[in-house]
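One structure below.
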Amino acid sequence: MDVRGQNFDLILFSVGRRICPDYPLVLRMIPVILGSLLNSFNWKLEADIEPKDLDMEEKFGLTLAKAHPLRAIPSPL
Ligand code: HEM
């Protein structure tokens with residue numbers, strides 16, 4: 001999905017003249033940051049919930065957010 005304003009299902013960086021000027025950097029940094037975090041820690045869900053049981057309910061507002069925030073707990077490798 002194109003996040004640069006062509007697909008209105010996902011307008012992460014806004015569109016048009018006010019589009020986030022830093023999105024080219026952000027699009028490169030997010031995978032690096034996320035990959036570093038995933039590779040540097042063991043992760044589990046709060047209260048030992050299984051990933052398949054994760055509550056994916058949505059809350060509609062100015063943006064579409066998870067109704068219940070994801071709480072992932074890191075522990076040393
Ligand atoms: C995941 C990271 C980011 C997301 C999702 C994001 C998203 C956005 C969005 C949606 C807007 C438009 C706001 C509006 O419509 O008024 C915006 C504007 C802007 N963003 Fe980002 N942004 C991110 C990171 C950054 C970073 C790292 C920088 C700079 C180091 C940055 C600099 C700016 C600036 C200066 C504007 C204002 C542009 C203008 O109004 O002309 N953003 N960003």
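Every value quoted in this text rests on a predicted model; they were computed, and no experiment measured them. Each ligand, and each atom within it, is numbered from 1 in the order the structure gives.
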Just to be sure I read this right, does ligand 1 sit under 4.0 Å from the backbone of Ile11, its side chain, both, or neither, counting only heavy atoms? neither

Any N or O on Asp22 sitting closer than 3.5 Å to an N or O of ligand 1? no

Taking all heavy atoms of Leu27 and all of Phe13, pick out the closest pair and write down the distance. CD2-CE1, 3.8 Å

Specify the protein heavy atom at minimum distance from atom 23 (C) of ligand 1: its residue, its atom name, and the distance to 0.1 Å. Cys20 SG, 3.8 Å

Identify the two heavy atoms, one from Phe41 and one from Leu77, that lie closest to each other, and give their separation to 0.1 Å. C-CD2, 3.6 Å

Non-hydrogen atom of Leu25 closer than 4.0 Å to ligand 1: no

Taking every non-hydrogen atom, the tightest pair across Ile19 and Ser14: CG1-O, 3.5 Å

If we count only non-hydrogen protein atoms and require a distance under 4.0 Å, does atom 13 (C) of ligand 1 qualify as touching the protein? no

Testing the basics here: between Arg28 and Val32, what is the closest heavy-atom pair and its distance to 0.1 Å? O-CG2, 3.3 Å

Atom 2 (C) of ligand 1 [closest protein heavy-atom partner, distance rounded to 0.1 Å]: Val26 CG1, 3.4 Å

Looking at atom 41 (O) of ligand 1, what's its closest protein heavy atom, distance included? Arg18 NE, 3.1 Å

Cluster overlap Ile73 with Ile49, hydrophobic side-chain contacts below 4.5 Å: no

Nearest non-hydrogen protein atom, atom 37 (C) of ligand 1: Pro21 CD, 4.1 Å

Might you point out which heavy atoms bring Leu70 and Leu45 nearest each other, and give the distance in Å? CD1-CD2, 3.6 Å

If you count every heavy atom of other residues, nucleotides or ligands that lies below 6.0 Å from Met1 atom CE, does the total exceed 12? yes

What is the nearest protein non-hydrogen atom to atom 3 (C) of ligand 1, stated with its residue, atom name and distance? Phe13 CE2, 3.8 Å

Provide the closest heavy-atom pair for Pro74 versus Ala72 in the form atom of the first, atom of the second, distance. CD-O, 3.6 Å

Among all the protein's non-hydrogen atoms, which is closest to atom 15 (O) of ligand 1, and how far away is it? Ser14 OG, 3.4 Å

Pull out every atom of ligand 1 sitting under 4.0 Å from any heavy atom of Ile30, numbered as shown with elements. 1 (C)

Atom 7 (C) of ligand 1: the protein heavy-atom neighbour that sits closest, reported with distance to 0.1 Å: Leu12 O, 3.6 Å

